[in-house]
Amino acid sequence: MKTEQPNVFGLAPMAGMTDWPMRVLCYRMGANYACSEMVSAMGLMCAKPGNMVYRHLLEVHPEETNTACQLFGRDPSVMAEATQRVTALGRFQSIDINMGCPARKVVHSGEGSALLLKPDLAYKIMEAVKNSTHLPVTVKTRLGYDEDSMNAVELGKAAQSLGLKWLCVHGRTRQQQYSGKADYAAIARIREQLTIPVIANGDVFTGSDAARILRESGCDSLMIGRGAMGNPWLFRESLAAIRGTEAQPVTLQERVDTALSHARWMVDFKGERLGVMEMRKHIGHYIGGLRGATALRRELNMAKSLDELNNLLLRLLD
């Protein structure tokens with residue numbers, strides 16, 4: 001490898017997942033960057049003061065050292081206003097523009113990866129955001145909308161000309177969603193045509209994946225998404241693989257203790273009702289593959305209190 005640790009070794013933004021409790025766990029396991037859940041620029045500007053949804057989306061923990069707020073939208077002026085508002089909070093170290101979300105609702109609104117079909121509009125959005133903040137601005141995207149519009153290079157050149165900090169590329173098209181395999185040879189070709197740093201993203205589920213992807217893409221930086229759900233240790237394992245050292249194994253005790261801490265933070269952050277409800281999906285990932293996980297997951301999905309969650313998780317140690 002070119003370095004003992006990737007220049008950017010980050011937690012990718014994931015809607016409904018990457019709030020501060022998950023981000024802090026990943027920082028503790030070796031991540032040096034994290035991104036918020038995606039925030040609708042229009043929704044933020046229209047929300048009433050004190051709106052709970054946006055208060056949660058924009059909350060940052062004191063342990064976070066390099067966290068970006070990811071904004072999405074299709075109107076350059078609204079994106080500029082939202083950028084100004086986020087910057088004024090003084091909580092985030094950078095602004096990330098979402099030009100890769102493949103969700104149908106987002107795409108049908110002309111946002112996320114739909115912008116890959118409108119490069120002129122994408123440029124105007126990047127320019128508006130860049131001109132509205134003193135913070136570094138980055139972009140997350142895909143290879144293209146489909147096989148007939150593989151224009152991540154065009155997007156990268158526009159970002160490069162505007163002085164954006166980096167381009168993060170998920171190695172699939174929007175049409176692929178999450179099917180098939182991420183194409184790291186395609187990311188390598190994009191990297192070779194740009195001077196702006198390119199960050200590889202997609203299909204990092206093991207430490208060996210991380211090391212292989214950096215080799216195949218030629219990138220110096222990596223973003224981990226779905227593989228980190230219920231598995232913040234993936235950052236620790238990936239660093240070991242990149243450095244060619246032995247990874248510290250995850251014990252059942254560590255798995256349970258981490259899930260318990262995560263649950264407690266969620267309840268402290270969002271209140272017991274909402275915290276427990278949102279924690280169910282995280283715990284489903286924490287216990288995946290363990291003996292008795294299917295039956296336990298059914299019970300966890302009925303839990304309504306932190307005590308119930310704790311008691312069910314502690315059963316794994318019996």
Side-chain angles (χ1 to χ4, degrees), residues 9-39 50-70 86 89-93 96 223-239 248 250-290 293 296-297 299-317:
F9 187 51
L11 174 65
M14 290 181 285
M17 297 298 291
T18 54
D19 50 19
W20 76 250
M22 181 175 179
R23 298 195 303 258
V24 168
L25 287 171
C26 293
Y27 274 120
R28 289 185 176 186
M29 293 298 160
N32 62 15
Y33 168 90
C35 195
S36 73
E37 302 173 65
M38 63 181 190
V39 177
N51 179 282
M52 193 63 70
V53 171
Y54 287 94
R55 186 173 73 80
H56 288 159
L57 285 171
L58 298 172
E59 191 68 45
V60 173
H61 190 273
E63 281 192 43
E64 297 188 68
T65 56
N66 189 23
T67 297
C69 177
Q70 189 186 72
V86 170
L89 292 173
R91 300 173 184 174
F92 297 96
Q93 281 67 52
D96 188 63
M223 210 82 81
I224 297 175
R226 292 173 296 152
M229 296 190 300
N231 185 20
W233 308 280
L234 179 56
F235 285 92
R236 184 172 75 192
E237 179 187 346
S238 296
L239 278 178
Q248 179 184 339
V250 182
T251 65
L252 180 59
Q253 183 73 56
E254 185 180 15
R255 187 178 296 276
V256 171
D257 287 346
T258 302
L260 289 170
S261 294
H262 196 161
R264 185 175 66 253
W265 290 349
M266 288 291 282
V267 168
D268 288 345
F269 176 32
K270 298 184 177 180
E272 188 159 48
R273 187 188 67 81
L274 183 58
V276 168
M277 187 183 304
E278 292 197 6
M279 192 61 206
R280 292 171 184 165
K281 61 193 173 193
H282 289 283
I283 292 180
H285 293 289
Y286 276 111
I287 67 175
L290 298 178
L296 182 58
R297 189 178 290 113
E299 293 186 68
L300 286 164
N301 286 337
M302 300 299 290
K304 296 180 180 178
S305 71
L306 181 60
D307 284 344
E308 287 181 79
L309 282 184
N310 289 348
N311 291 335
L312 287 167
L313 284 168
L314 289 170
R315 271 175 36 189
L316 290 169
L317 300 175

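- Between the NZ atom in Lys304 and the CE atom in Met302 there is a gap of 6.5 Å [rounded to 0.5 Å].
- Summarising the geometry of Leu58 relative to Cys69, their closest heavy-atom pair is CD2-SG, 3.8 Å, with the distance given to 0.1 Å.
- Panel note: side chain Arg23, backbone Leu11; no donor-acceptor pair is recorded below 3.5 Å.
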CA sep, side-chain torsions, deciding dist, call: Tyr27, His61, side-chain hydrogen bond (donor to acceptor under 3.5 Å, both in side chains): CA-CA 11 Å; Tyr27 274 120; His61 190 273; over 6 Å; no

Residues Leu300, Ile287; criterion side-chain contact (heavy atoms from CB on, under 4.5 Å); working and verdict: CA-CA 11 Å; Leu300 286 164; Ile287 67 175; 3.8 Å; yes

Derivation of the side-chain contact (heavy atoms from CB on, under 4.5 Å) call for Met229 and Met22: CA-CA 8 Å; Met229 296 190 300; Met22 181 175 179; 4.3 Å; yes

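- Arg55 places no side-chain N or O within donor-acceptor distance of the main-chain N or O of Gly50, the cut-off being under 3.5 Å.
- Note that the CG atom of Leu274 and the CE atom of Met266 stand 7.0 Å from one another [nearest 0.5 Å].
- Inter-residue side-chain proximity for Leu314 and Leu260 is flagged as met; some heavy-atom pair is nearer than 4.5 Å.
- Taking CZ of Arg28 as the start and OG1 of Thr258 as the end, the distance is 9.5 Å to the nearest 0.5 Å.
- Nearest heavy-atom pair across Leu309 and Ala263 is CD1-CB, 4.3 Å.
- In this structure a side-chain-to-backbone donor-acceptor pair under 3.5 Å is present from Arg236 to Gln248.
- Contact between Phe92 and Ser36 at its shortest, heavy atoms only, is CE2-CB, 4.4 Å.
- Note: Arg91 CZ to Thr67 OG1 = 12.5 Å, rounded to the nearest 0.5 Å.
- Tyr286 approaches Pro232 most closely through the heavy-atom pair CE2-CD, 4.1 Å.
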Worked check of side-chain contact (heavy atoms from CB on, under 4.5 Å) between Leu290 and Arg255: CA-CA 11 Å; Leu290 298 178; Arg255 187 178 296 276; 3.7 Å; yes

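- Gln70 contributes no side-chain N or O that, together with a main-chain N or O of Glu37, makes up a donor-acceptor pair within less than 3.5 Å.
- One distance of note links CD of Gln253 with CG of Leu316; it measures 10.5 Å at 0.5 Å rounding.
- Between the Arg264 side chain and the Leu306 main chain, no donor and acceptor come within less than 3.5 Å of each other.
- Ring-plane geometry between Phe269 and His56 is classed as perpendicular, the angle between the planes exceeding 60 degrees on a 0 to 90 degree scale with a lower cut at 30.
- Of all heavy-atom pairs spanning Cys35 and Thr18, the tightest one is O-OG1, 3.3 Å.
- Asn32 and Asn66 make their closest contact through O-ND2, 3.1 Å (heavy atoms, listed as atom of the first residue, atom of the second, distance).
- Pairs passing the side chain to side chain donor-acceptor pair (under 3.5 Å) check and including a residue from residues 267-277, sequence neighbours excluded, read Asp19-Lys270, Lys270-Glu278.
- With contacts defined as side-chain heavy-atom distances shorter than 4.5 Å, the pair Glu308/Asn311 does not qualify.
- Residue Lys281 qualifies as enclosed at atom NZ: its count of foreign heavy atoms under 6.0 Å is above 12.
- Atoms OH and CD, from Tyr33 and Gln93 in turn, are 10.0 Å apart once rounded to the nearest 0.5 Å.
- Each of Met279, Glu59, His282, His262 was compared with Pro21 under the side chain to side chain contact (heavy atoms under 4.5 Å, CB included) criterion, and only His262 meets it.
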